Amino acid sequence: MTFRQLVAGSVHDAAPALVGWTLLVDGVGGRIVEVEAYAPDDPASHSFRGKTARNGVMFGPPGRLYVYRSYGIHWCANVVCEQPGTAAAVLLRALEPTHGLDRMRGRRGVTEARLLCSGPGRLTQALGLTGADDGADLSLPPFELVPPAARATVDATPRIGITRAAEVPWRFVERGSSWSSRARRAA
DNA sequence: CAGTGGATGCTCT
DNA sequence: GAGCATCCACTGT
């Protein structure tokens with residue numbers, strides 16, 4: 001399954017399938033260990049009330065980055081899925097850092113590996129992603145997506161930090177990973 | 001530790 | 001003018 005094929009399908013299939021892929025931006029990044037699905041007709045999705053200047057990329061072709069500013073401070077990055085017009089995306093919530101840790105440390109201003117990419121705002125800062133990357137094609141440099149050797153084992157849980165449709169289990173975490181944004185108590 | 005609140009800006013009502 | 005798909009520092013145990 002190629003990246004292009006994966007993101008062209010339903011976001012409900014694509015989101016868990018993206019866990020385990022390695023995302024690199026200019027050679028810096030890591031293994032995707034936590035994502036959330038934002039589906040068409042999903043009250044928690046930015047696209048729910050129709051196309052606007054901010055969410056326009058969500059309505060376009062799959063495999064693009066949708067980047068938006070969160071709480072006035074952070075950037076959050078999504079992978080657009082499904083066919084043009086459907087407006088679905090996968091929020092990247094955490095990576096296990098594997099490549100370019102020193103560049104991430106420089107951008108983040110912290111040294112502890114656990115704090116580099118464990119959270120959507122941290123992840124974008126570590127990879128250097130901003131609103132300037134909104135709409136970028138993830139199949140072209142400087143982006144690189146490397147499939148996992150074997151499909152990861154994934155747990156589904158409720159999404160984080162939302163109020164509407166908070167009960168559907170559309171957050172997907174690699175089982176046993178200690179790099180997710182809510183792994184503080186995990187063994 | 002756990003819980004709380006401030007920072008900060010943009011989008012949409 | 002409200003409400004965020006967040007993070008971090010600070011409080012009180």
Side-chain angles (χ1 to χ4, degrees), chain A residues 7 10-12 14-19 23 30 32-60 62 64-82 86-97 101 104-136 138 154-174 177-187:
Chain A
V7 296
S10 162
V11 72
H12 297 293
L18 272 171
V19 174
L23 167 65
I32 299 171
V33 298
E34 179 183 356
V35 301
E36 284 176 2
Y38 287 86
D41 298 320
D42 175 357
S45 174
H46 288 172
S47 65
F48 185 64
R49 295 171 192 280
K51 187 175 178 177
T52 66
R54 174 176 65 161
N55 66 25
V57 171
M58 289 185 76
F59 289 80
R64 304 289 179 91
L65 259 188
Y66 166 48
V67 183
Y68 67 92
R69 196 184 282 283
S70 176
Y71 291 92
I73 300 178
H74 308 284
W75 296 104
C76 290
N78 301 249
V79 178
V80 175
C81 291
E82 308 194 8
T86 50
V90 176
L91 172 67
L92 301 174
R93 288 196 55 92
L95 303 182
E96 173 184 344
L101 270 70
M104 295 191 208
R105 289 190 176 100
R107 289 174 178 144
R108 291 274 299 117
V110 300
T111 56
E112 195 182 338
R114 144 132 219 104
L115 299 177
L116 292 178
C117 299
S118 296
R122 293 167 173 171
L123 183 158
T124 54
Q125 188 181 26
L127 269 50
L129 297 174
T130 70
D133 299 292
D134 188 38
L138 287 166
V154 174
D155 290 321
T157 76
R159 295 177 291 185
I160 293 178
I162 59 172
T163 54
R164 290 194 286 256
E167 69 288 348
V168 292
W170 291 349
R171 169 177 178 256
F172 301 99
V173 188
E174 177 163 29
S177 176
S178 57
W179 299 96
S180 79
S181 65
R182 293 278 177 104
R184 302 164 191 217
R185 286 292 194 147

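Remember, it's a predicted structure, so these values are computed and weren't measured experimentally. Lettering follows sequence order; numbering is per chain, from 1.
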For DNA chain B, the dot-bracket pattern of Watson-Crick and G-U pairs whose distances stay under 3.5 Å, | for other-strand partners
|||||||.||||.

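With A:C76 as the fixed residue, the side-chain contact (heavy atoms from CB on, under 4.5 Å) test singles out one of A:Y71, A:Y66, A:Y68: A:Y68.
The main-chain N or O of A:W75 is found under 3.5 Å from a side-chain atom of A:T124 such that the two form a donor-acceptor pair. Formation of a donor-acceptor pair under 3.5 Å by the A:N55 side chain with backbone atoms of A:G50 is found in this model. Within the 3.5 Å criterion, the main-chain N or O of A:E36 finds no donor-acceptor partner in the side chain of A:R159. Listed for the A:R108 side chain is no donor-acceptor partner under 3.5 Å among the backbone atoms of A:C117. Listed for the A:E96 side chain is no donor-acceptor partner under 3.5 Å among the backbone atoms of A:S177. Not a single donor-acceptor pair under 3.5 Å links the side chain of A:R164 to the backbone N or O of A:A44. Counting only distance, with no hydrogens or angles, the side chain of A:E174 and the backbone of A:I32 share no donor-acceptor pair below 3.5 Å. Judged by distance alone, the side chain of A:S118 and the main-chain N or O of A:A94 form no donor-acceptor pair under 3.5 Å. Here the side chain of A:S47 pairs a donor or acceptor atom with the backbone of A:A87 at under 3.5 angstrom.
Nucleotides B:dG3 and C:dA5, compared at atom P, are 23 Å apart to the nearest Å.
Protein chain A contacts DNA chain C from C:dC4 to C:dC8, reading 5' to 3' and using non-hydrogen atoms of the protein with a distance under 4.0 Å.
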What pairs of nitrogen or oxygen atoms, one from the protein and one from nucleotides 10-13 of chain B, lie under 3.5 Å apart?
unit_1, atom_1, unit_2, atom_2, d
B:dC12, OP1, A:T52, OG1, 2.2

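Contact annotation for A:R164: no contact, since no heavy-atom pair falls under 4.0 Å across all strands.
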